[in-house]
Amino acid sequence: MASSGMVWKGGVTLTQKIESTQRKAIKTIIGKILIIMDGVSVDTAKYMREFIESVPSSIRPGKIGRVDTGSMQGDVKSKEYYPTGKNSWAVEAGWVDDLRDYYLTQEHGGMAHDLLVGDRKISPMHMLTAGRIYMEIELHKGVKAIR
């Protein structure tokens, strides 16, 4: 007789059947979460590109957006989920493949490489911070909606 005192159809104990069912349910939920994570990373990259267009320039008064050549905006990408441990995954959005010093000067503020001392400094853009907040909100919404 099984240790639980009950045997489920097929010779497995009721405990084994419950654990098997739980594992399947957990795998299904994890799969849904990974799909949500991928979608949110794509949406966050789009949000960040739009953010760059909306932040006022601190070098050119009256200019809305920090798009000049488009490279800083064009290099904002997303990265699909990847494992970071046995039961953990991550996604990325931002300058995941190509990060140039100039992008960080725009992000954090400071003197541009082609400005002279006494010229106006670049004010911080804070795109990465805004993107992180956006991503967290969207992930919570997505996970909360799982049925």
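Between Ser78 and Val42, the shortest heavy-atom distance links the atoms OG-CG2, 3.6 Å. Shortest non-hydrogen contact noted between Asp98 and Arg100 is OD2-NH2, 3.1 Å. What you find for Thr44 and Gly131 is that their closest heavy atoms are CG2-O, 3.5 Å. The two residues Ser123 and Arg66 have their closest heavy-atom pair at O-NH1, 2.9 Å. Considering all non-hydrogen atoms of both residues, Ala93 and Ala45 come closest at CB-N, 3.9 Å.
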* Asked: Which is it for Ser41 and Met135 under the side-chain contact (heavy atoms from CB on, under 4.5 Å) test, yes or no, and what are the steps along the way?
  -> CA-CA 7 Å; Ser41 69; Met135 182 181 272; 4.3 Å; yes
* Is there a side-chain contact (heavy atoms from CB on, under 4.5 Å) between Gln106 and Val55 once you walk through the steps? -> CA-CA 10 Å; Gln106 287 285 336; Val55 177; over 6 Å; no
* Asked: So Met48 and Trp95, side-chain contact (heavy atoms from CB on, under 4.5 Å) or not? Walk me through it.
  -> CA-CA 10 Å; Met48 290 173 157; Trp95 298 300; over 6 Å; no
* Should Glu136 and Ile133 be marked as a side-chain contact (heavy atoms from CB on, under 4.5 Å) after you check the CA-CA gap, both sets of side-chain angles, and the distance that decides it? -> CA-CA 5 Å; Glu136 186 173 337; Ile133 292 167; 5.9 Å; no
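You'll find the side chain of Glu107 stays beyond 4.5 Å of the side chain of Leu99, heavy atoms only. Residues Asp38 and Val91 form a side-chain contact, since some pair of their non-hydrogen atoms from C-beta on lies under 4.5 Å apart. Counting only heavy atoms from C-beta outward, the side chains of Trp89 and Ile33 never approach each other to under 4.5 Å.
Here Gln73 pairs with Arg49, Ile52, Glu53, Val67 under the side-chain contact (heavy atoms from CB on, under 4.5 Å) rule; sequence neighbours left out. With sequence neighbours excluded, no residue satisfies ring-ring contact (aromatic ring centres under 6.0 Å, His included) with Phe51.
Residues Ile137 and Leu139 do not share a hydrophobic cluster, clusters being chains of Ile/Leu/Val/Met/Phe/Trp/Tyr side chains in contact below 4.5 Å. Tracing side-chain contacts under 4.5 Å through hydrophobic residues (I, L, V, M, F, W, Y), one reaches Leu128 starting from Met72; they form part of the same cluster. Residues Ile29 and Ile26 are members of one and the same hydrophobic cluster, defined by side-chain heavy-atom contacts under 4.5 angstrom among Ile, Leu, Val, Met, Phe, Trp and Tyr. Side-chain heavy atoms closer than 4.5 Å link hydrophobic residues (I, L, V, M, F, W, Y) into clusters, and following such links, possibly through other members, connects Tyr134 to Met125.
No side-chain donor-acceptor contact under 3.5 Å links Thr129 to the backbone of His126. A distance-only check finds no donor-acceptor pair linking the side chain of Tyr81 to the backbone of Ile36 [under 3.5 Å]. Listed for the Lys63 side chain is a donor-acceptor partner under 3.5 Å among the backbone atoms of Gly65.
Between Ile30 atom CD1 and Ile35 atom CD1 the span is 12.5 Å, to the nearest 0.5 Å. If you take CE on Met37 and CG on Leu34, they are separated by 6.0 Å, rounding to the nearest 0.5 Å. Here Arg147 contributes atom CZ and Lys32 contributes atom NZ; the two are 10.0 Å apart, rounded to the nearest 0.5 Å.
Counting heavy-atom neighbours within 6.0 Å of Glu19 CD, excluding the residue itself, gives a total above 12.
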